[in-house]
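A short worksheet on the structure shown next.
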Amino acid sequence: MRLNPIFLLSATDVAHFPSEAKTYGAPEVAFLGRSNVGKSSLINSLLGSREAKVSSTPGRTRAINFFALHEGAGEKMKVRPTLIFADLPGYGYAKISKSISAEWPKFIEPYLAERQTLALCICLVDTNIPPQENDTQLITYLKQTQRPFLVVGTKADKLSNNQLGKSVAALKKAHEVEEILPVSAKTDAGTKALWAKMMEVAE
């Protein structure tokens, strides 16, 4: 099924989050990960478009960007979105000024803790580097708040099958999760399986 993305808004404050009247209460899928994990590239790969801004400078996304995904096109486009994608700012990038990263808890944490339409968190981890402490912190937080989440390993195309298997095993152990879905924005590997997981929450 082809879904057409429409950019809704960028939010840097709880007051800016799209209302249920605007989204028709459609389930939201949030994408979270460290800066430079390949979040925007993966979102674009999933959408088949260039909706999410890909930057060579980590930490460029400083707002939560919301996209509504609709069935159909033109006059046949369904009014209620099938899903909402929420692209959250990357974390763990030291060069971001303290004033900006200090602002984040004011709207990121309320979004994760209180957003009623948030149906699934996609936690992105880089399969090409060792497990990262701040990824573990995020996953632990989602477990504690009982938010449904899925850990997705990015940049899987850069590793051989043997290397990828070892990397995924190490990530599972470090983050204490049973499942990690390896994907590649470049080759689209794993994206069908990821869509299937997201469509489960849509239904």
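No hydrogens, no waters, no symmetry mates; every other heavy atom, side chains included, goes into these values.
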Is the closest side-chain heavy-atom distance between [X] and [Y] below 4.5 Å?
| X | Y | value |
| --- | --- | --- |
| Val37 | Gln132 | no |
| Leu88 | Tyr111 | yes |
| Val14 | Glu114 | no |
| Pro81 | Leu69 | no |
| Leu194 | Ile122 | yes |
| Val201 | Pro148 | no |

Electrostatic pair Asp87:Lys39 at N-O distance under 4.0 angstrom: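 Salt bridge between Asp87 and Lys39, a charged N being under 4.0 Å from a carboxylate O: yes.
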For Leu124, the option from Leu32, Leu150, Leu42 that meets side chain to side chain contact (heavy atoms under 4.5 Å, CB included): Leu42
Over all heavy atoms of both residues, which pair between Leu9 and Pro18 is shortest? Give the atoms and the distance, please. CD1-CD, 3.8 Å
Leu83 CG to Glu71 CD distance, which is reported to the nearest 0.5 Å: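 One gets 9.5 Å once the value is rounded to the nearest 0.5 Å.
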Please round to the nearest 0.5 Å and tell me the distance separating atom CD1 of Ile64 and atom CD of Glu28. 9.0 Å
Considering residues, nucleotides and ligands other than Lys143, do more than 12 of their heavy atoms fall under 6.0 Å from its NZ? yes
Side chains of Asp188 and Ser45 only: does a donor on one sit below 3.5 Å from an acceptor on the other?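 On atom types as modelled, these side chains qualify, holding a pair under 3.5 Å.
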